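Written below as structure tokens is the structure these notes are about.
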Amino acid sequence: MALVLHNSLTRAKEPFEPLRDKEVGIYICGVTVWDKSHIGHAKSAVNFDVIVRYLRHRGYEVKHVTNFTDVDDKIIAKANELGTDPLKLSRSLIDEYFLDMDALKVRRADVYPKASETIPEIIAMVRGLVDKGYAYESKGSVYFSVHKAKEYGRLSGQSLDQMHAGARIEIGEDKRDPMDFALWKAAKPGEVSWDSPWGKGRPGWHIECSAMCLKHIGKTVDIHGGGTDLVFPHHENEILQSEAYNEAPFVRYWMHNGLLTIDQEKMSKSLKNFFTVSEVLQSYPPEVVRFFFLNASYRAPLEYNEKSLDEAKQALERLQNTYNAVQESLESASGEQDAKDLCDKTWRQIEDRMDDDFSTREAIAVMFDSAREANRMLSEGKLSKQGVRDIADLFSEFNKLFDVLRTKITRAVAIPQDTEEPLPDPESLTGKALSDADVDQWVRYRGIARRRKDFDYSDAIRKKLAELGIDVQDAQDGAVWKRR
RNA sequence: GCCGGGGUGACAGAGCGGCCAUGUGGCGGACUGCAGAUCCGCAAACACGAGUUCGAUUCUCGUCCCCGGCCCCA
């Protein structure tokens with residue numbers, strides 16, 4: 001089956017055909033760094049992280065570009081407020097962004113261009129647009145004239161007439177038309193600025209993305225992504241600029257991710273209804289956060305709350321438990337049965353669902369089905385070593401795309417024959433710095449006690465360990481434990 | 001107002017013209033000293049009204065409601 005993706009330009013699913021066979025240029029709008037990233041940004045990053053991973057899995061040579069807007073009104077305002085330099089501020093926020101995204105196991109893009117480092121290209125583009133008559137200079141600023149564009153509103157479905165009908169738009173002093181937008185903004189006294197043919201100034205918001213696409217990918221990019229909130233006017237304007245300048249189609253496929261909401265409202269820095277990535281990661285492991293995002297459709301809005309995160313945690317644990325059990329059995333399996341059919345079928349289905357506009361939600365559902373089957377086979381004890389290995393491989397293949405499972409978080413302990421020696425006092429089980437070997441030893445004592453049917457003792461140990469954050473589970477011929 | 005997306009079981013959230021979504025939670029059972037994990041089974045849904053159809057949750061039309069975009073924004 002062919003890879004199909006939803007193109008927001010046509011509002012339909014289309015077969016994916018990159019411009020150059022197996023090479024894919026993908027540009028994702030990054031963040032404007034005037035404050036910490038919140039977990040809505042994380043959703044976008046994780047959604048596209050898996051999309052890029054899957055494209056690579058499918059054999060595409062992907063060049064992934066994500067930008068940083070590091071000069072704009074808000075950054076300048078914030079820097080003034082803090083009494084610091086805007087570029088210094090944005091630099092440190094970019095560092096924090098990377099810390100957050102690394103924690104969330106988001107693979108890095110190939111290039112992270114910054115507006116401040118793309119100035120020559122931006123100026124060249126603005127000048128080109130002026131030369132071609134699409135843009136005009138006014139009091140040191142340069143504006144794109146929307147009436148010069150061939151088509152307006154192709155992406156957002158808005159038409160200029162309707163926009164004019166809106167009474168809220170006021171004519172800016174320097175613009176010829178209220179819908180015209182700034183390509184270059186004249187610097188106010190004391191602001192960060194660069195020299196340009198129109199005097200000192202800085203780039204407008206939309207132009208950087210057009211310039212960066214051209215610089216790092218080319219006239220036409222295969223996939224351009226971002227949040228649905230960027231459709232209008234940001235992406236609309238990018239199309240106008242780029243197509244006017246390049247005289248070539250700008251984007252083959254537009255992909256927009258749904259926004260994270262809180263109480264049904266969009267999470268945003270401006271509304272102040274957000275949680276930062278680091279806040280959330282204090283309460284939930286990164287795998288849970290990723291799973292939460294991926295257990296939904298990237299295109300739909302997603303409601304954020306603790307209950308949903310808890311549920312995601314619970315659900316993910318189910319998958320993790322199976323993965324643990326599989327890994328436990330890698331050595332001990334001694335049966336005849338293989339798992340070829342299960343693994344082949346599951347993987348085929350996962351690719352099938354992912355091919356359908358990256359339906360991570362459904363791919364996960366397939367994994368749950370296979371986990372049930374795997375658990376059943378495992379408990380029957382008939383699997384061969386190869387069979388177990390195949391299932392383990394299936395899980396790690398899945399994890400290469402989703403990155404929501406941990407390799408090994410449990411330890412199996414065999415319970416030896418009773419030596420009849422006295423067991424140590426449970427009271428001596430203390431201390432936070434219990435080594436794995438220490439825990440193994442206590443779990444062994446506990447196992448021996450269970451054989452002696454000294455359940456008071458074994459329950460006491462289990463309770464003690466639980467208090468130290470260690471869960472013990474009894475199995476057929478031993479026990480497994482893990483740190484919470 | 002204009003543009004766009006939605007309304008699915010207790011909840012989250014897919015999908016499809018007729019066949020099990022999946023997960024959390026609930027109920028019953030198996031296993032177990034207990035617990036946990038796991039397995040088996042059960043209950044539970046398609047906003048409303050009309051139409052198309054042999055048959056619609058899935059298609060069409062209308063109604064109601066929700067959300068996003070239209071200054072910045074993933």
Side-chain angles (χ1 to χ4, degrees), chain A residues 8 11 28-32 34-35 37-48 66 69 72-74 153 155-159 161-170 179 205 225-234 236 256-261 264-271 274 291-292 295-297 299-303 305 307-319 321-322 324-325 353 356 359-369 371-380 410 450 453-456 458-459 462-463 466 471-476 479-480:
Chain A
S8 352
R11 300 194 178 90
I28 317 283
C29 280
V31 289
T32 302
W34 61 279
D35 205 347
S37 307
H38 61 64
I39 90 151
H41 300 119
K43 175 179 186 291
S44 183
V46 170
N47 284 152
F48 283 109
T66 287
T69 301
D72 96 318
D73 291 339
K74 282 190 174 162
L155 182 64
S156 61
Q158 303 279 352
S159 78
D161 298 343
Q162 284 157 358
M163 301 307 301
H164 284 300
R168 282 190 268 167
I169 300 160
E170 297 194 8
M179 292 310 293
W205 175 36
T228 52
D229 53 348
L230 296 180
V231 171
F232 186 91
H234 185 56
E236 196 72 67
H256 291 99
N257 65 276
L259 304 180
L260 205 60
T261 58
Q264 308 282 357
E265 269 198 322
K266 167 185 165 186
M267 178 182 289
S268 83
K269 287 187 262 195
S270 323
L271 290 171
F274 62 89
F291 184 86
F292 171 62
N295 203 203
S297 150
R299 283 201 280 139
L302 183 64
E303 172 74 8
N305 58 49
K307 189 167 167 266
S308 305
L309 262 297
D310 288 341
E311 200 179 302
K313 187 179 176 193
Q314 210 57 36
L316 176 58
E317 208 165 291
R318 192 175 163 76
L319 239 35
N321 283 338
T322 304
N324 292 341
R353 308 302 157 92
D356 183 8
S359 301
T360 53
R361 195 4 142 129
E362 290 186 70
I364 286 173
V366 171
M367 273 313 278
F368 277 112
D369 285 337
R372 179 180 304 111
E373 190 68 28
N375 284 328
R376 195 187 300 142
M377 292 170 121
L378 240 30
S379 63
E380 284 168 359
T410 57
R450 288 184 68 228
K453 306 243 187 277
D454 183 356
F455 298 122
D456 287 344
S458 63
D459 288 350
R462 185 167 61 196
K463 192 164 169 244
D471 290 330
V472 186
Q473 285 177 26
D474 297 319
Q476 307 88 310
V480 294

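A, B, ... follow the sequence lines: proteins, then strands. Residue 1 opens every chain. Quantities reported herein were computed from a predicted structural model and do not represent experimental measurements.
Although no hydrogens or angles enter the test, the distance criterion places a donor-acceptor pair under 3.5 Å between the side chain of A/E236 and the main chain of A/G153. Panel note: side chain A/T322, backbone A/R318; a donor-acceptor pair is recorded below 3.5 Å. One N or O on the side chain of A/R361 and one on the backbone of A/N295 form a donor-acceptor pair closer than 3.5 Å.
Nucleic acid contact for A/S8: none, since no nucleic acid atom lies under 4.0 Å from a heavy atom of the residue. A/S379 comes within contact range of no nucleotide atom at all, as no heavy-atom separation falls under 4.0 Å. Counting non-hydrogen atoms under 4.0 angstrom, A/L230 reaches the backbone sugars and phosphates but no base. Using a 4.0 Å heavy-atom criterion, one finds that A/S308 contacts no nucleic acid atom at all. Within 4.0 Å (heavy atoms only), A/D369 reaches sugar-phosphate atoms of the nucleic acid but no base atom. Residue contacts for A/K307: at a heavy-atom cut-off of 4.0 Å it reaches the sugar-phosphate backbone alone, with no base atom in range. Using a 4.0 Å heavy-atom distance criterion, A/G226 is classed as a sugar-phosphate-only contact. Residue A/L302 is classed as a sugar-phosphate contact, given heavy-atom separations below 4.0 Å to backbone atoms only. Residue A/V366 is classed as having no contact, given no heavy-atom separation below 4.0 Å to the nucleic acid. Within 4.0 Å (heavy atoms only), A/H38 reaches at least one base atom of the nucleic acid.
Residue-nucleotide stacking is present for A/F455 and B/G33, judged by a side-chain ring centre under 5.5 Å from the six-membered base ring centre and planes under 30° apart.
Ring orientation note: the planes of A/H234 and A/W205 are close to parallel, at an angle under 30° on the 30°/60° scale.
Side chain of A/R318, nearest nucleotide from B/G33, B/G23, B/C72: B/G23.
Taking for each of A/K453 and A/E311 the nucleotide of RNA chain B with the nearest heavy atom, the 5'-most of the two is the partner of A/E311.
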